[in-house]
Amino acid sequence: MKVAVLGAGVVGSATAYMLAKDGHEVTVVDRCDRPGMETSFANGGLMTPSDSSPWNSPGTIKRLGKMLFDSNSTLKINPSAVPSIVAWGLKFLANSTYERHKANMIANIRIASLSLETLRNIRKTSTLDYDQTTRGTIRVFPRDGRMAEFVQMCSEMQEWGVNFEVLDQGQILEKEPCLKDVIDRYIGAVFFPDDESGDAHKFTNEMARLATSLGTEFLTNTNVLEIVKESSSRISHVRTSEGDIRADAYVLSLGSYSPIFARPLGINLPIIPIKGYSVTLPLNGWKGGPTRPVMDDGYHAMMVPMGDRLRMGGKAEFARYNTRVDAKEGRRVLNDVLKILPAMALHVDTEAALNWSGLRPMTPGGPPLVGPTPYINLFLNTGHGPLGWTMSCGSAKLTADFVTHGRVLNNRVKPSDYAL
C-alpha cells in the first residue's frame, strides 16, 4: 500500500518507520530541508511517562488568575492569542475535574509506556545514536513547594505502571552531586527510574534514516498546500508545492498546523499551538553538571544533559503561531539554571547559549489524536502537546496498526482515548 505521511517531525518520522516496517511504500512530505527542524529541533529532550499528568489538574480554575498575571508563572498568555483560545480554553477547563483529569492521565500513561517499550524494541535490533541517557529523571522540591501533593499524584500513576522513589537530601546528592551547593534549598525529590532523555532532533533523523533504509522517500523543501477530497468519505490526493501526491492512505502529522489543513475537510481538530522555549549550552568538557535530567519544581527549570551540551527549558506561552525567539525569555531560563548550578558560570561560556522556541500542539484534555477520520483513507497522528517525543513511537505504532490492520493490536491501550 502507498502511504503519504504529512510532516517529518519526530511523530511523522517515527510513523514513517513503523509503516515501512509493516511493508508499506511510504512517502514523507515536509517543508523543511531535513527531518526534525521545527518543534522537534530543540525541545526539552525528555521521554517521560512520569510527566503524563495533563496541565489542567483539578483546581486549575482557582490557580488560573495567578498563573496568568505572575511573572514567574510557568504559563503566559500573549494578549493577541486570547480570541483564538476562548473556545479551546473552556474545553481545557472542562477537563480539569478530578474524573476527567485522571482519565486523561491514564490515557497518556498508556501510550507513553507503549512508546518507551516500542523504542526499546527498536534499540534491540538497530543502533541508534541520539545522545541518549537511560538513567531516569529527578524532580527536586523546595521547602515551600508542593512535594506532598506531587507524591500523591505519583501514587496514582504507579497503579498504571509509572515507578517512582522518594528521595531525601542525602539520596539526592548520591544521584546528583552537582546539587551540593544548593541542597539546603530542597526538602526532597522524586526519582523516576524508567524515564529516558536525549536529543529529539537527532532521534528524529535516526528514525528517518531507518525508514529510508526500508525504502521510505522523504520529500523535503516541499510545502503541503491542500488535502484534496475525492468525496465525502475519501481523500483524492495532496497538493504540494512540488506537485500532486497520490496514495492509498494519508497520515496527518503536522503538529500545530494540522487543524489548518483539516478544517477545509470539515474536520475541526481541537488543537492550538503553545510556544515553548529552550536554551542549549555547550559545556566544553565541563563535567560538573547533572548526569540525568533534573527538574526544579520551584523555578520550573529543567536541565537535560546531552553529550557535551546542557539543554534547559522553562516557561510556556499561548502566542498563536508566533515562533520568534525571545532572547529575554532565554536569558531567564538560563539565569534560573545558574541559581541551581552556580559553579557552571565559572566553567562555561554562557554567551554561547543557543536560544530556541517551538510550538507544542495541545489538545484540551491532554491525550493526542491518533487514528481514523470520517475519510476512510485519512488518519491522524497529531496533538501530542509537550509529550511529542515521549509518545512518538507509541502513537506511530497505533497509526501503523490502523493503516495496516484497521485496528489496534495492542490491548493495553484504548483506541477510544485518542479518537477524534
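Here the structure is a predicted model, which is why all the values come from computation and not from measurement.
With hydrogens and angles ignored, the 3.5 Å screen pairs no side-chain donor or acceptor of Ser392 with any backbone N or O of Val10. Although no hydrogens or angles enter the test, the distance criterion places no donor-acceptor pair under 3.5 Å between the side chain of Ser115 and the main chain of Ala112. Between the side chain of Asn381 and the backbone N or O of Val370 there is no donor-acceptor pair closer than 3.5 Å. Remark: side-chain polar atoms of Ser241 are paired, donor with acceptor, to backbone N or O of Asn223 under 3.5 angstrom. A donor-acceptor contact shorter than 3.5 Å links the side chain of Gln171 to the backbone of Asp168. Between the Ser126 side chain and the Arg123 main chain, no donor and acceptor come within less than 3.5 Å of each other. Side-chain atoms of His201 come within 3.5 Å of backbone N or O of Gly36 as a donor-acceptor pair. Between the side chain of Asp51 and the main chain of Leu387, no donor-acceptor pair closer than 3.5 Å is present. Remark: the backbone N or O of Val151 is paired with a side-chain donor or acceptor of Ser155 at under 3.5 angstrom. Checking side-chain atoms of Glu226 against main-chain N and O of Val238 turns up no donor-acceptor pair under 3.5 Å.
In this view, Glu206 and Arg209 satisfy the salt bridge (Lys or Arg N to Asp or Glu O under 4.0 Å) rule, not counting sequence neighbours. For Arg100, the side-chain contact (heavy atoms from CB on, under 4.5 Å) partners are Asn95, Thr97, Ala103, Asn104, not counting sequence neighbours. Partners of Thr390 according to the side chain to side chain donor-acceptor pair (under 3.5 Å) rule, which considers only residues two or more places apart in sequence or in another chain, do not exist here. Residues satisfying the salt bridge (Lys or Arg N to Asp or Glu O under 4.0 Å) test with Arg311, not counting sequence neighbours, are none. In this structure, the salt bridge (Lys or Arg N to Asp or Glu O under 4.0 Å) partners of Asp401, at least two apart in sequence or on a different chain, are Lys397.
Side-chain contact check for Cys178 versus Leu341: some heavy-atom pair is nearer than 4.5 Å. Looking at heavy atoms from C-beta onward, Pro49 lies in side-chain contact with Leu116 at the 4.5 angstrom threshold. Side-chain contact between Thr382 and Leu254: absent, with no pair of heavy atoms (C-beta onward) separated by less than 4.5 Å. Between Val190 and Glu165, every side-chain heavy-atom pair lies at or beyond the 4.5 Å cut-off. Contact of the Glu25 side chain with the Val3 side chain is not registered, since no non-hydrogen atoms from C-beta on lie closer than 4.5 Å. Side-chain atoms of Asn43 and Trp389, non-hydrogen and from C-beta on, do get closer than 4.5 Å to each other. Here the side chains of Arg34 and Phe218 are not in contact, with every heavy-atom distance at 4.5 Å or above. Proximity of Leu219 to Val28: side-chain heavy atoms (C-beta onward) are nowhere separated by under 4.5 Å.
A side-chain donor-acceptor contact under 3.5 Å links Ser50 and Asp195. Side-chain atoms of Thr133 and Ser197 form a donor-acceptor pair, as typed in the model, at a separation below 3.5 Å. Side-chain contact annotation: His24 with Thr404, donor-acceptor N/O pair under 3.5 Å present. For the 3.5 Å distance criterion, the side chains of Asp33 and Thr220 fail to qualify, holding no donor opposite an acceptor. In summary, the side chains of Ser395 and His384 do present a donor paired with an acceptor at a separation below 3.5 Å, with no hydrogens or angles considered. Looking at Thr291 and Glu176, their side chains do bring a donor and an acceptor atom within 3.5 Å of each other. Between Ser52 and Asn108, the side chains place no donor N or O within less than 3.5 Å of an acceptor N or O (distance only, hydrogens not considered).
Between the CE atom of Met157 and the CD1 atom of Ile109 there is a distance of 5.5 Å, given to the nearest 0.5 Å. Atoms OG and CG, on Ser357 and Asn322 in that order, are 7.0 Å from each other to the nearest 0.5 Å. With rounding to the nearest 0.5 angstrom, the CH2 atom of Trp160 is 4.5 Å from the CD1 atom of Ile106. Interatomic distance, Leu334 CG to Glu329 CD, rounded to the nearest 0.5 Å: 11.5 Å. For the atom pair CD of Glu242 and CG of Leu225, the computed distance is 9.5 Å after rounding to the nearest 0.5 Å. From Phe41, atom CZ reaches atom CG of Asp199 across 8.0 Å, with rounding to the nearest 0.5 Å.
Residue Ile340 comes nearest to Tyr186 through the heavy atom pair CG2-OH, 3.6 Å, listed as atom of the first residue, atom of the second, then distance. For Ala352 against Pro282, the heavy-atom pair with the smallest separation is O-CD, 3.6 Å. In terms of heavy atoms, Arg331 sits closest to Asn355 at N-OD1, 4.5 Å. Minimum interatomic distance between Pro290 and Leu310 (heavy atoms only, all atoms of both residues): CG-CD1, 4.0 Å.
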For Glu117 and Arg412, what are the C-alpha separation, side-chain angles and deciding distance, and is it a side-chain contact (heavy atoms from CB on, under 4.5 Å)?
CA-CA 12 Å; Glu117 177 187 293; Arg412 288 186 299 160; 2.4 Å; yes
Could you check Arg309 against Asp131 for salt bridge (Lys or Arg N to Asp or Glu O under 4.0 Å), going step by step and ending with a plain yes or no?
CA-CA 10 Å; Arg309 299 168 295 152; Asp131 292 334; 2.8 Å; yes
Does the pair Met153 and Met105 meet the rule for a side-chain contact (heavy atoms from CB on, under 4.5 Å), with working shown?
CA-CA 10 Å; Met153 184 187 71; Met105 180 176 70; 4.2 Å; yes
Candidate pair Leu380 and Leu269, rule side-chain contact (heavy atoms from CB on, under 4.5 Å), full reasoning:
CA-CA 10 Å; Leu380 300 175; Leu269 302 182; 3.8 Å; yes
Walk me through it: do Leu378 and Ile267 pass the test side-chain contact (heavy atoms from CB on, under 4.5 Å)?
CA-CA 11 Å; Leu378 177 65; Ile267 301 174; 4.1 Å; yes
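Ring-centre distance between Phe150 and Phe141: below the 6.0 Å cut-off.
Salt bridge status for Asp296 with Arg185: present, with a side-chain N to carboxylate O gap under 4.0 Å. Classification of Arg110 and Asp417 as a salt-bridged pair holds, one side-chain N sitting under 4.0 Å from a carboxylate O. Salt bridge Glu196/Arg292: absent, no basic N to carboxylate O contact under 4.0 Å.
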Review item, side-chain donor-acceptor pairs of residues 271-278, under 3.5 Å, at least two apart:
| unit_1 | atom_1 | unit_2 | atom_2 | d |
| --- | --- | --- | --- | --- |
| Lys275 | NZ | Arg324 | O | 2.6 |
| Tyr277 | OH | Glu317 | OE1 | 2.6 |
| Ser278 | OG | Ala42 | O | 2.6 |

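Aromatic ring pairs are classed by plane angle as parallel below 30°, tilted from 30° to 60° and perpendicular above 60°; the pair Phe192 and Phe164 is tilted. Ring-plane geometry between His347 and Trp286 is classed as parallel, the angle between the planes falling under 30 degrees on a 0 to 90 degree scale with a further cut at 60.
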